[in-house]
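Worksheet: the structure to be examined is printed underneath.
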Amino acid sequence: MASLLSQLKDDIRFSEGLSACMNCGICTAVCPAAAYFDYDPRRICQLVQTGEEQELEKLLKGEEIWMCGQCLSCKARCPRGNVPGYLIQSLRKLSQQSGLFIHSSEGRKQIRLKRRIGHSILETGYCVHPLMVEPETHPEQGPVWIWALEQGADLYRRCGSNYYGEGEGGLRKMAPGVLNELEAIFEETGGLRFWEAIERGAEELKLNQES
Amino acid sequence: MRSSEYINKDEVAIIGGGPAGMQTALVLSARGFSVRIYEQKEQLGGHLKGWHHLFPHGVAASDLLGALKEQVLARAIPLHLGQTVDHLQKVGEGWELWQGETVVGRAGVVVLANGFALFDARRKEEYGYGLYPSVLTSADLEAVFRKERPWPFGPDCAAPQIGFVHCVGSRDLKCGSPHCSKLCCVTAVKQAMAVKAFFPEAQVYCFYMDLRMHGLEYEELYRKAQVDYGVRFIRGRLSEAAPGQGKRLHVKAEDTLQGRPLHLQLDMLVLMSGMVPTFVLEQQERAVFFKEPVFGSGFVPVQGFLAAGSVVQQKGLFASGACKGPATLPEVFADAAAVACEVEQYLKSLKAVAHA
Amino acid sequence: MTPLLWKDYQKEVPDNHYFFVRSCIRQTFFPGAEAALLDILRNSLGLDIFEDRRHTTCTGIAYHCDLVPLETIMTVIARQLSLMTEAGYRHLLVSCVTSFGIYLEMLDMWQHHPEMLEQTREALWKSTRRTFELPTALVHTSDLIYHLRKPIADRSPHRLVDKSTQRALRVVDHVGCHYAKIFPAGGFGGAEFPSVLSGLAETFGGEMVDYPERRHCCGFGFRHYMLQENRGYSVSNSRIKFESMEAFAPDLILTNCPGCNMFLDRWQYTLAEMSGKTYDGEGKGIPVLSHEELAALMLGRDPWTLGLQMHQVQLEPLLDKIGIAYQARQKYSMVEGVAGVPREPGVLKVSFE
Amino acid sequence: MEKSAWFVWPFMLGFMFALAVLLLRYLWWLRSLLRRPSSRLLSRMFSKHSLLAVREIFSEGLLHLRIYKRNRRLGFMHMSLALGWFMMIVGGKFETWFHSGQFLHGTWYAVFFRYFEPQTVGGWAGTFWLHYMDFGLLLVLTGLALAIVKRIRKKVLGIHSTTRHTLVNRVALTFLWMIFPLRLVAEALTFGQHGGGGFLTGALGRCCFTSGTLAGLELPFWWAYSLSLGAFFVVLPFSRYLHIPTEMVLILLRHWGLQAAEDLQPEKALQAFEIHACSSCGLCLDVCPAIKDHPFQSAYFLRALRSGKGWESLASTCLSCGACEEACPINLGLEKLRMAARGKIHEKHHAVYSYLPTVGPVETSKVDVLLFTGCMGRLKPATTKALKDLFEEAGLSWVHLDEQESICCGRPLALAGRASEASALREHNRSLIKGQQARMLVTTCPICLKQFRDDYRLELPVYHHSEVLWSCLSSGSLKREKGTACFSYHDPCELGRKSTCYQAPRELLQSCGTLLSLEREQADALCCGNSLGSLSLSLSERQALTSRTLKVLEVPGAQSIVTSCPLCQHNLARQSSLPVKDLAEVLAVTGLPEQQGQRKAALAAVQEL
Amino acid sequence: MPKPDFGFSFAPNRALELSVPLLPEVQAVLEAEPSIRACMACGQCAAVCTAGVFTPLAFYRLVLQLWAGEVEVVGQRAQHCMLCGKCQMTCPRGVNIRNALLLMAALLPPKP
């Protein structure tokens, strides 16, 4: 099986993301993940820059790569033109592709995410739509949101949205043909295969938990 | 048609009246050559005019400048002040010096001593130079030391919090200057101590990536700043400066040795602007003259990078001092003497050819 | 030669003929905003804004949750562009900042790596038998509103000025990270000082206020928000911004990204509930508006058809300051009469008729 | 009733006061002992130990023989003062007893006897006492003269630093200096008026004080004499002269087996006596390698302990090189005191060594030498390699205990006053050693040597590598030709003063070259400046010490400096113009290529070491 | 009305606040051993440290944490030191590390 490093190198975001980090810390200074988690994008760049297989494997199995919020504030500032954010994207992709993601609690959450947002894309043509944002699991949305959901179509149509209706406008119901095209794209470009890899991970996880 | 006025082959024209230009002129005139200095400003001295005290021993810049000027006057070297030579035209063996559309001089040999420019700190926008009044460059701080400019914080601020930012416009691909300007680190330490001398209660921070105290006795300055002046050195390049309460600044960096981001309120932020080329000759012209693509960050390229002294690949065109890259004053003076020897060598070879 | 300073960089924005693509988040949380935007552009300014009902999500959110491979999102984007080509348009108008970042990124990758463009054409053809042309202009809705700020201001009876005291309203802006941080050339004024919101507010007479955490991310964090137990990341980073702007007593927070608009509004409620603290000094929270909501308000659209009642932080104080008339009673009325009123928040003060 | 006069009262009051204060202080210091006197103490009280104590009181308290051995003139000064005064006191007692036939008198009577009995009476015995007393007075006066000279130009007495005295001491000093001249003049006046007197007092009286007009002066001088005595006694308990009585009691207590406490108790038991027995004589300052009059030097440190203020910072700066302890005329346990003080400062310091790896089963190997190079050894691999080559050459089998990772022996902790905390370290190292069957434990670092010997209580003998090498040389298992090299040898404090190993290194060097003699060496050697003993000496101060030591070592003709401690070597090498080598390196380099030593010969030699 | 449970909670910014004045006990350590200021975090002490092999003790890191006011961590780590002095021997800046570590170890309140 090709080394982790060579697999990473196939991802264009890896070569774009890291040419030569000089350990200056400008990215971590403005990183919101570093302001909240015990996380340091500079350290990730340094570890990846060693190119050692165990370091990469530890990263791919670890929690750290899942803490980045992908706001890419680091890209604007890096004096060497590196992009820790891209690096994280390539690491996360490989972690899920290779199944190593199930070794970290944060990585395992990708399964939940896939089943929620991934399926929403193919079913509704939207990443997020009102019915997904259930008040029980989104208390932070506040009472107005609960009320808005209760009103549903009346409120949305009052504001000019189509609210799951046929035809034009916001939140319109996607024609089946459109969804098929989306699915075809996911099929053709490896999107579905990627999701299968995630599900394989979930399967393996279930086996481990049972044994 | 340009007049084919006779060009005195022995005439040496020096473009730039800073320390490099003056020293080269002095050495050449001492060796008996007729020399002219073309300086774009109204006064000789270049950046030296703006400095307060010089590292590492705190010699007053005005004394050094005064001494140089005295010698230039003593040797009665003709000066063309306020003349910006922006174009060179090879005529036979000699040169024509153009300012815009007019020829301002002719010479057998031209020595470029146009020195460096300070990086325009406004281009490093995240530090807010030019936007926030409490952000100064190292040159501004020298002006403050020379009492030509007020302190950016009020008199009521007895214990000002002051930050120095290293590598501004140096080692930065995004600002188009990939090189290290070598002098900013030692300047920062010198200025940090100087500020503490003005405000003993001040707390001074230096945000560095690698402290390159390259010269003799510079490292001792670093230790002295830490122990005697209580300057705190934080290894992490400054990422951002934003306006906080009143005139104060809120800066962000990472202490890379602890692996944690850090915030700090400052009363003054000093940006150690790097040394960049002056682009005195138009970009196209340079390509014509130097025939090589402008290497590195645009300083004047020289033949045989490691050869002593410096001969620009075009016969009869030399370069002296910081126009070739960041250099300290001692290096500039040493380089000036080296260039003078090269010029003398070149002129002698011309005479030999002439007689043969 | 590139301009001396990024903050003076002005992006070319075509005046007309746009192919509009919507935002999943904006249509979910602020349905009125996109409708109002189209209404302003088409009716008030008479522009030709075309929308093809078959355009889908750009899958940007899923991409940044690392659920969608690069090739997939690149082909989905290609499909959107093929719809645009079909409709005969070359200027793309994007409503969401995340997808604006995605479009910028794809165009940039195609430019620097032409082989990826070919692969995408081939993939799109194989999967949907579609072809596409690259857009000649990629414009975010806030770019267009900024570009048309003068014509809008001329038609607007209101100004961002406190009617009673004639004091200019103090406005703080928060520009979405993916607007200009990824590709500075993608936004007006580059990555550090984007003028797309401040220019707009100043045109309406507002006074822009800078605050230390102006450029800090609102904390969406994509996967972090999607997972309930990780939302601490999101609320904490918004809190950093609120703590920082509080001292400057802003009257309004202006945003251009649907996510930031929702977060900066909702987290004021959540923080009030969690810590009992609000940041406007009167316990009502600082009102949050997006660029099109502001433009629509200024052009006199009715706040409730705009959907402002869906904001958790009430807008009434701001409307009173500006002097915009509104029917308080109709706030919660539906097409057929009033249908109940939201529960009052524990801490955040909300006015009810 | 003996005659008495008012002028005796200042003396009497002063004397009484001094006695009362002394008694109170001594009882206070001995309070814990008095409550529970240990049986050992009682048994030794009434035994030969008391006699030994008296002998030492006489030889040290009065004759100051230890000072005399180091510096004759200084010794004589102290002796003459102490002995002279003692003779006069005893003499005075006998004279009055002989003259009045009664033994018991008022204490003042003997002191002012001359005034009361100006006429010499009692035949040859009387005159004998007269001259005896004058001789005593003369002795004291010569001592006094020398003391004054010392104050003015100390070089005359061969010392280059004396103690800066506090005000109280200077006052006490002046009173002491006034007592005997006043007595002389008073007695001379008396004899001048009444004739007679000893060879000194009488002669002075006859030549200067016979005229009647001076008669009026007699009484005032006796008053002055009494006043100066009284004042001196009043000040005594609070000045350095407290050392006179305290030293006596200290010697007694020591002989009775009292030990100084481990922790700092400046006002309890033997420690109290030791601290107050210091006379601030300044001998310790003279030998101290530190820079002139550095406050941490022992005399000032003890003074701070007495005052109870400011001793903390002083305790942690001293190099604890042992020079002052060596020079102290009354053998005060200075290092122990300093360690106790440090222990007090850092009592809040709690070391946690639970992380130490448990020592697995040690494969026991039957070897001659267990080699322990210690922490500093790790930084001096050349020495370890040279030593191993020498062991090979000498046919000694060895095991290098801490080749992989060395856990500190615990001495540096002891030097910081935290000896008790180092038990975990000692346990670890002890478990390394326990399993081995070997003849001896050899360490290349004197610091470890001291620790192994003091606190480890190992079953096998511990030697420094210089001792082992010397035994190999003397046994012939190592042979060296006397080369032309000239060495100057630096005695590490821990090997020299602290472990009294001076001979082995010198013999080694003499066997392969010529050893130059130095101005200060062996017990008097200077410290290399980098001792672990000092906690807070700054780098510049240390460098000053090192350069001072190097001035002594870089004697003309020396081609290289040799020492036998990795710490000294590392430190001296940093500033020395000459190469600085360890003994093992020197020996290994000058090794003759042929004939391996026989193993038995080496073993036999080591046996009788 | 008990605070509602949102399923998550906010946390203060992890960034070090340098503007916070030094703690008095940190000030005391610096005054007692001024040579700590000369530390330039070159890592030489950590390289030779025996305790550093078994524990996270690295003196230059403790100095940084001392400046950051993390007295707890500094106190705990400093207690692992054996005071063997190898670090002090190799320190290029002549910092009195042994004394510094003793002072740091005393930062922690004495064990009951």
Side-chain angles (χ1 to χ4, degrees), chain B residues 157 159-163 185 189 192-193 196 201-213 218-236 238-240 242 244-245 248-267 269, chain E residues 11-24 26-47 49 52 56-74 76-77 88 91-97 99-100 104:
Chain B
C157 183
Q161 303 282 312
I162 294 164
C185 277
V189 172
M193 292 197 280
K196 275 291 270 190
E201 297 308 312
Q203 176 56 58
V204 180
Y205 302 87
C206 281
F207 293 96
Y208 71 96
M209 180 165 56
D210 309 295
L211 212 49
R212 295 184 167 180
M213 307 294 281
Y218 294 175
E219 182 66 19
E220 288 83 343
L221 281 184
Y222 173 27
R223 184 176 193 286
K224 194 159 178 283
Q226 280 181 290
V227 177
D228 302 342
Y229 289 78
V231 174
R232 279 181 62 182
F233 286 84
I234 293 165
R235 197 208 167 273
L238 198 80
S239 184
E240 178 185 308
Q245 284 305 92
R248 289 191 75 137
L249 288 168
H250 180 96
V251 298
K252 292 187 185 178
E254 182 204 3
D255 182 338
T256 56
L257 297 175
Q258 298 199 59
R260 284 185 57 188
L262 64 86
H263 290 185
L264 180 60
Q265 319 284 341
L266 289 177
D267 297 303
L269 187 68
Chain E
N13 195 332
R14 261 188 74 253
L16 296 167
E17 266 310 325
L18 244 56
S19 308
V20 171
L22 288 179
L23 296 173
V26 170
Q27 199 82 18
V29 169
L30 289 172
E31 258 134 40
E33 188 43 70
S35 69
I36 294 177
R37 287 180 186 283
C39 170
M40 57 180 177
C42 68
Q44 193 122 340
C45 51
C49 181
L57 166 62
F59 175 70
Y60 78 93
R61 199 170 283 289
L62 294 198
V63 171
L64 293 166
Q65 284 161 340
L66 185 74
W67 283 105
E70 289 161 22
V71 172
E72 269 301 309
V73 176
V74 168
Q76 263 136 23
R77 297 260 167 85
Q88 193 157 324
C91 172
R93 276 290 178 79
V95 177
N96 271 333
I97 300 179
N99 193 34
M104 287 175 177

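Here is the naming used below: chain letters follow the sequence lines, and residue numbers restart at 1 for every chain.
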*Of the backbone (N, CA, C, O) and the side chain (C-beta and beyond), which part of D228(B) lies under 4.5 Å from a heavy atom of chain E, both, or neither?*
neither
*Does any heavy atom of chain E fall under 4.5 Å from the side chain of R232(B), the backbone, both, or neither of them?*
side chain
*Rounded to the nearest 0.5 Å, how far does CD of Q226(B) lie from SG of C39(E)?*
7.5 Å
*Compare all side-chain heavy atoms of I234(B) with those of L18(E) and state whether any distance is below 4.5 angstrom.*
yes
*Tell me, for Y222(B) versus chain E, whether the close heavy atoms (under 4.5 Å) come from the side chain, the backbone, both or neither.*
both
*What distance do L16(E) atom CG and E254(B) atom CD have between them, rounded to the nearest 0.5 Å?*
9.5 Å
*Heavy-atom distances under 4.5 Å only: say whether L211(B) touches chain E with side chain, backbone, both or neither.*
neither
*What is the distance from atom CZ of R93(E) to atom CD of E219(B), rounded to the nearest 0.5 Å?*
5.0 Å
_Donor-acceptor pair, distance only, cut-off 3.5 Å: does the side chain of R223(B) make one with the backbone of A38(E)?_
no
*Using a cut-off of under 4.5 Å for heavy-atom pairs, which of Q65(E), R37(E), R61(E) has the most such pairs with chain B?*
R37(E)
*Which distance, rounded to the nearest 0.5 Å, do you find between the CD of E17(E) and the CG of L262(B)?*
8.5 Å
*Under a 4.5 Å heavy-atom cutoff, which of L266(B), V227(B), L264(B) has the most pairs with chain E?*
L264(B)
_Counting only non-hydrogen atoms closer than 4.5 Å, does E220(B) touch chain E with its backbone (N, CA, C, O), its side chain (CB onward), both, or neither?_
neither
